[in-house]
Amino acid sequence: MMCLRILATVLLATSAWAIDTDRAFEDDALQARYEEIIEEVRCLKCQNQSIKDSNAFLAADLRREIRRMLSEGMTNEEIYAFLVERYGEFALYRPPASGKTLVLWLAPAALLLAGGLLLANILRRRTALPIEGGELDDDSEPTRTSD
Amino acid sequence: MGRAGYLALIGAFVALLVVFSIGLTRDPSKLPSPYIDKAAPAFDLPRLKQPDERIGNDSLAGRKTLVNVWATWCVGCREEHGFLMQLAESGTIPIYGINWRDNRDDALRWLDQFGDPYVASGFDADGRAGIDWGVYGAPETFLVDEEGVVIHKHLGPLSDPVWQRDFVPLISDGGTAQ
């Protein structure tokens, strides 16, 4: 029972990670966009966190700016562009697929494909090898024993 | 797959290894500024010491300047302060400050106590100007040329070695910043 209690507490506690506990917007659509955007923006000060989760000044300031931009009617693209203009593409967890970032996007798939092909090749050769039991099992050869 | 194929794969693997090893030596917390070689962002702030006056891009025009982002709560700013005072006293380059996310009284007291190396400091209470400059942690120092183009950004405290290595070559290009 204790385990269940601990588990329940831990699971509920995750909701405390979001810094903004109150809704930012009355409007559901804006609120949804806000929540989506703040998860996509990296907190450049605490780089392992999004600005949704970070306590840093920068994160709070950026959340405020995003709320302002949303209430001014900017689109998601315009908001991301605003951030990238000031902080560079690293500010977004999913940078736009431009020339430079294309390598970043494609590399994992390319590596997986290459690895997969290699593996397929190796496996295919293994199963294609004839079993050379005839030669190895030649009874005319004395078998070695450890006498 | 023949030998050529295997060699190609191994070659690719080694190439990746090299790229990643180089990458490991880089510090991901030091992000390049997207403003390098571009016009400095527009800003217009009340002056810290004379709130009725303002500083902005016009203040930076006509000669090379430093824009230093600082705050009283920032440990690195305290570290670099001595060097900034030296730099200001040498008259090499005018230094403008952006007092970022700070308390005005604290900031004024700080400058009184430790000295004021700035021609003027702008008071950026809510961090809006900081965001416009792409600031994410104080201290940060921007080198801006005569035309208001950002030519360098330094993250972290300034010091003489950093100054000599990164800033002097950029300033000497066009003569002294007069």
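Letters A, B, ... mirror the listed sequences (proteins, then strands); counts begin at 1.
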What do you reckon, is CD of A/Glu26 surrounded by more than 12 foreign heavy atoms closer than 6.0 Å? no
ring-ring contact (aromatic ring centres under 6.0 Å, His included): pairs with one or both residues in residues 25-82 of chain B, sequence neighbours excluded: A/Phe57-B/Trp73, B/Phe43-B/Trp133, B/Trp70-B/Trp110, B/Trp70-B/Tyr118, B/Trp73-B/Trp100, B/His81-B/Trp110
B/Leu31 versus chain A, the contacting section by heavy-atom distance below 4.5 Å: side chain
Membership question, hydrophobic clusters at under 4.5 Å side-chain separation (ILVMFWY): are [Y] and [X] in the same one?
{"X": "B/Phe114", "Y": "B/Tyr96", "result": "no"}
{"X": "B/Leu155", "Y": "A/Leu58", "result": "yes"}
{"X": "B/Met85", "Y": "B/Ile93", "result": "no"}

Side chain to side chain donor-acceptor pair (under 3.5 Å) partners for A/Arg86, two or more places apart: B/Asp132
Cut-off 4.5 Å, heavy atoms of chain B, and the answer for A/Arg68 is side chain
Part of A/Leu62 within contact of chain B (heavy atom distance under 4.5 Å): both
Looking only at atom types and distance, does a side-chain atom of A/Tyr87 sit under 3.5 Å from a main-chain N or O of B/Val135, one as donor and one as acceptor? yes
Minimum-distance pair of heavy atoms, taken over all atoms of A/Glu65 and B/Ile131: CG-CD1, 3.3 Å
Nearest non-hydrogen partners of A/Glu85 and B/Pro34, listed with the distance: O-CG, 3.4 Å
Is the shortest side-chain heavy-atom distance between B/Arg128 and A/Asp61 below 4.5 Å? no
